Amino acid sequence: MSDNHEFFMRRAIELAQSGIDKNAGGPFGAVIVKDGKIIAEAHNEVTSTNDPTAHAEVTAIRRACKELDTFQLDDCTLYTSCEPCPMCLGAIYWARPKQVFFAGDRIDAAAVDFDDQFIYDELEKAIEKREIPFLRILREEAIPVFDNWKNKKDKQEY
């Protein structure tokens, strides 16, 4: 299979439609490719699995990492039927693919009631002004765990 961007994007779009047809979740699909070959693919499965993190990109990343037995996808390309939401964007940056192609954008998604602007807005707010309360407790008990990580000699960096 050649490194044909349109081919892989069409597959991501097909997966988005497949998810709709299965009533699995929203209209989103993703494909992860390495060396011109599909390593993993997924459609949104939020409602079919009752998992709010089961977006197409996150599910495809999980599958690709399992397939490749790694937690980084630095030699891979991600194709997604829509510009990633903030959660998926975070997962993508942690997975570190070499590039991402997308079809629709966040404006297209918002037009069909998948509007993530409120999350972008929340990120800009001070913690105490966010819609969901975030309350810090037991920091003094958590810090030693960070110190243990920092001083661990045999840790696997990521």
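In this text the structure is predicted, and so the values were computed from the model without any measurement. Keep in mind that the numbers below use all heavy atoms, side chains included, and drop hydrogens, waters and symmetry copies.
A donor-acceptor contact shorter than 3.5 Å is absent between the side chain of Asp116 and the backbone of Ile119. Asp51 places a side-chain N or O within 3.5 Å of a backbone atom of Thr53 that can act as its donor or acceptor partner. Side-chain N or O atoms of Lys155 include one that pairs as donor or acceptor with a backbone N or O of Lys150 at under 3.5 Å. Distance alone, capped at 3.5 Å, places no donor-acceptor pair between the Asn151 side chain and the Asn148 backbone. Listed for the Thr47 side chain is a donor-acceptor partner under 3.5 Å among the backbone atoms of Ala24. Of the possible donor and acceptor atoms, none in the side chain of Asp115 sits under 3.5 Å from a partner among the backbone N and O of Ala110.
Of all heavy-atom pairs spanning Leu15 and Gly29, the tightest one is CB-CA, 4.1 Å. Between Cys88 and Glu57, the closest heavy-atom pair is SG-OE1, 3.3 Å. A pairwise comparison of heavy atoms in Cys76 and Leu68 identifies SG-CD1, 3.8 Å as the closest pair. Scanning all heavy atoms of the two residues, the minimum distance from Leu89 to Pro84 falls at N-CB, 4.0 Å. Contact record, Gly36 with Phe8: O-CZ, 3.5 Å, taken as the closest heavy-atom pair. In terms of heavy-atom proximity, Ala103 sits nearest to Ile13 at CB-CD1, 4.2 Å.
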Side chain to side chain contact (heavy atoms under 4.5 Å, CB included) assessment of Cys65 paired with Leu73: CA-CA 7 Å; Cys65 288; Leu73 302 174; 3.9 Å; yes
Side chain to side chain contact (heavy atoms under 4.5 Å, CB included) evaluation trace for Lys98 with Asp75: CA-CA 6 Å; Lys98 65 182 177 181; Asp75 291 328; 5.7 Å; no
Residues Thr80, Phe28; criterion side chain to side chain contact (heavy atoms under 4.5 Å, CB included); working and verdict: CA-CA 7 Å; Thr80 180; Phe28 307 101; 5.8 Å; no
Glu131 vs Phe118, side chain to side chain contact (heavy atoms under 4.5 Å, CB included): CA-CA, chis, key distance, verdict: CA-CA 10 Å; Glu131 294 297 315; Phe118 76 96; over 6 Å; no
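Within 6.0 Å of CD in Glu124 there are 12 or fewer heavy atoms belonging to other residues, nucleotides or ligands. No more than 12 heavy atoms of other residues, nucleotides or ligands shown are found within 6.0 angstrom of NZ on Lys129. At most 12 non-hydrogen atoms from other residues, nucleotides or ligands lie less than 6.0 angstrom from CD of Gln156. Residue-environment remark: CG (Leu123) exceeds the threshold of 12 foreign heavy atoms within 6.0 Å. In Glu128, the CD atom is crowded: over 12 heavy atoms of neighbouring residues, nucleotides or ligands sit closer than 6.0 Å.
A salt bridge links Lys152 to Asp154: at least one charged side-chain nitrogen sits closer than 4.0 Å to a carboxylate oxygen. Looking at Glu122 and Arg130, no side-chain N of the basic residue comes within less than 4.0 Å of a carboxylate O on the acidic one, giving no salt bridge. In this structure, Glu41 does not pair ionically with Arg63, as no charged nitrogen and carboxylate oxygen lie closer than 4.0 Å.
A donor-acceptor contact closer than 3.5 angstrom is absent between the side chains of Ser81 and Arg10. Side-chain contact check for Glu45 and Thr59: no donor-acceptor pair (N or O, by modelled atom type) lies under 3.5 Å.
Connection of Ile39 to Val100 is established within a shared hydrophobic cluster, with ILVMFWY side chains joined at heavy-atom distances below 4.5 Å, either directly or through further cluster members.
Using cut-offs of 30° and 60° for the angle between ring planes, the Tyr79 and His5 rings count as tilted. Between Phe71 and Tyr158, the ring planes lie perpendicular to each other; the angle is over 60°, past the 30° to 60° tilted range.
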